Chemist: 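For reference, the structure I am asking about is given below.
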Amino acid sequence: MDDTEDRRPERRSRRRSARTEQELPGGGTEAQAKDLCLRLLTDRARSRSELAVKLEQKGFASEVAERALDRLTAVGLIDDAEFANQWARSRHLHAGKGKRAIALELRRKGIDAADAASALEQIDTADERERAVELVRKKLRTQPPLPTEGDRREVAAERDKLVRRLVGMLARRGYAQGMAFDVVREELAALGADASDLPHD
């Protein structure tokens, strides 16, 4: 028999083996799962839950994904507690988010309650209030001055409209309503507007 024919089954076997390594039913290999996670982590820090979702979307079997995630956790490349700390700091400082909004974001990213609570402890009430003041002042710089003369009802209506806008802006960022009204009242008073009748914390 021709040697070439003898080698054909061996070559076909090697090709099948390579193809199986790359295209396992239900996903890929543990090494491929780790490579995907590392590429995603190069882009930005991610929680274990986020990476698990990505692996599932790519079709990796759950046991393969879990082994890959466990290995990356063991070497410190996945750390949900540190991720939560970084996320809370960044979202508060750069996006102006309040603790309530950040807590919701962490929950959506699969961070457990203990890690989320620890991360949110970085933001105390004074820090949160200071950030709320910055947001309100920034918004006020883009607003036309409130009328101070004329029909009292029209003056009050314009002020109330601005108050609703400012309080709504803070609420959407996760600030408590009481703090939002306090900050808005004080900032409007500093501009000479009568805000004494606004709700207090």
Side-chain angles (χ1 to χ4, degrees), residues 36-58 65 69 72-73 76-144 146 157-191 193 195-201:
L36 174 59
C37 289
L38 290 172
R39 289 198 300 272
L40 292 169
L41 290 169
T42 299
D43 180 42
R44 68 166 175 82
R46 295 174 192 266
S47 68
R48 179 176 177 126
S49 178
E50 285 183 293
L51 293 170
V53 169
K54 290 292 187 182
L55 291 174
E56 183 181 5
Q57 290 172 346
K58 292 293 185 180
L69 294 171
L72 292 174
T73 300
L77 292 175
I78 298 175
D79 184 338
D80 276 2
E82 181 57 26
F83 170 83
N85 287 335
Q86 291 179 12
W87 186 269
R89 269 196 309 272
S90 175
R91 298 298 282 168
H92 180 62
L93 292 174
H94 303 302
K97 296 287 185 177
K99 292 175 75 170
R100 292 183 180 183
I102 296 171
L104 180 59
E105 291 177 349
L106 291 174
R107 188 157 60 247
R108 287 173 176 165
K109 291 182 177 297
I111 301 300
D112 68 34
D115 285 339
S118 178
L120 292 169
E121 286 178 0
Q122 303 173 94
I123 308 168
D124 61 24
T125 302
D127 290 334
E128 196 172 23
R129 188 184 185 88
E130 181 181 355
R131 195 69 181 93
V133 168
E134 292 172 357
L135 291 168
V136 169
R137 288 178 179 174
K138 181 178 179 180
K139 192 72 173 176
L140 285 172
R141 286 196 292 270
T142 68
Q143 300 293 321
L146 285 172
E158 286 299 313
R159 186 211 63 175
D160 290 347
K161 189 191 305 182
L162 179 57
V163 168
R164 286 194 298 272
R165 245 190 334 260
L166 294 171
V167 170
M169 179 264 294
L170 290 177
R172 287 190 297 275
R173 284 173 165 79
Y175 292 87
Q177 187 180 66
M179 178 183 289
F181 272 110
D182 267 358
V183 169
V184 170
R185 184 181 60 254
E186 290 179 7
E187 291 307 307
L188 289 181
L191 295 177
S196 58
D197 60 330
L198 294 182
H200 286 67
D201 193 357

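Sequential numbering from 1 along the given sequence is applied to the chain's residues. Please read these numbers as outputs of a predicted model, since none were measured by experiment.
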Chemist: First locate atom OG1 of T73, then atom CG of L69, and finally report the distance between them rounded to the nearest 0.5 Å.
Modeler: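 Atom-to-atom, T73:OG1 and L69:CG are 6.0 Å apart.
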Chemist: With sequence neighbours left out, which residue pairs that include part of residues 162-179 fulfil the side chain to side chain donor-acceptor pair (under 3.5 Å) condition?
Modeler: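 Those involving residues 162-179 are Q143-R165.
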Chemist: Check whether more than 12 heavy atoms from other residues, nucleotides or ligands sit under 6.0 Å from atom CD of E56, and answer yes or no.
Modeler: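 No, not enclosed.
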Chemist: With side chains defined as the heavy atoms from C-beta onward, is the minimum distance between D127 and D124 less than 4.5 Å?
Modeler: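 A side-chain contact exists here, since the closest heavy-atom pair is under 4.5 Å.
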Chemist: Can you tell me which residue pairs pass the salt bridge (Lys or Arg N to Asp or Glu O under 4.0 Å) test with a partner in residues 104-120, sequence neighbours excluded?
Modeler: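 Listed once each, the pairs are E50-K109, R91-E105.
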Chemist: Look up atom CG in L191 and atom CZ in R159, then write down how far apart they are to the nearest 0.5 Å.
Modeler: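 Output value for this atom pair is 13.0 Å.
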Chemist: Any Lys/Arg nitrogen of E128 or R131 sitting under 4.0 Å from an Asp/Glu carboxylate oxygen of the other?
Modeler: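 Judged by the 4.0 Å cut-off on N to carboxylate O distance, E128 and R131 do not form a salt bridge.
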Chemist: Locate the shortest heavy-atom distance separating G110 from S49; write the atom from each residue and the value.
Modeler: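 The answer is CA-CB, 3.7 Å.
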Chemist: For M169 and L135, work out which heavy atoms get closest and say how close.
Modeler: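 Smallest interatomic distance, heavy atoms only, reads CE-O, 3.8 Å.
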Chemist: On a heavy-atom basis, which atom in A65 and which in L55 lie closest, and how many Å separate them?
Modeler: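 Closest approach of A65 to L55: CB-CD1, 3.7 Å.
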Chemist: Report yes if the side chains of L162 and L140 come closer than 4.5 Å at any heavy-atom pair, otherwise no.
Modeler: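 Yes. Closest side-chain heavy atoms under 4.5 Å.
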Chemist: If you compare all heavy atoms of C37 against all heavy atoms of L72, which two are closest, and at what distance to 0.1 Å?
Modeler: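 Heavy atoms of C37 and L72 come nearest at CB-CD1, 3.4 Å.
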Chemist: Please list all pairs meeting ring pair (Phe, Tyr, Trp, His ring centres under 6.0 Å) that have one or both residues in residues 79-109, counting only residues at least two apart or in different chains.
Modeler: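 Every pair satisfying ring pair (Phe, Tyr, Trp, His ring centres under 6.0 Å) with a residue in residues 79-109: F83-W87.
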Chemist: Could E187 and K139 be called an ion pair, given the rule that one side-chain N must be under 4.0 Å from one carboxylate O?
Modeler: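 No, this pair does not count.
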Chemist: For a quick test of reading the model, state the closest non-hydrogen atom pair linking L120 to A103 and the distance between them.
Modeler: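 Residues L120 and A103, closest heavy atoms: CD1-CB, 3.7 Å.
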Chemist: List the atom of I111, the atom of A116, and the distance in Å for their closest heavy-atom pair.
Modeler: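 Result for this residue pair: CG2-N, 3.7 Å.
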Chemist: Walk me through whether K54 and R39 qualify under side chain to side chain contact (heavy atoms under 4.5 Å, CB included).
Modeler: CA-CA 11 Å; K54 290 292 187 182; R39 289 198 300 272; over 6 Å; no
Chemist: Calculate, to the nearest 0.5 Å, the distance between atoms OG1 and CE belonging to T125 and M179 respectively.
Modeler: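 So the OG1 of T125 and the CE of M179 are separated by 5.5 Å.
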Chemist: Could you tell me whether the side chain of T42 and the main chain of L38 form a donor-acceptor pair under 3.5 Å?
Modeler: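 Side chain of T42 to backbone of L38: a pair is present.
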Chemist: Say whether, by atom type as modelled, one donor and one acceptor occur between the side chain of K99 and the main chain of I123 under 3.5 angstrom.
Modeler: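 Confirmed, K99 side chain pairs with I123 backbone.
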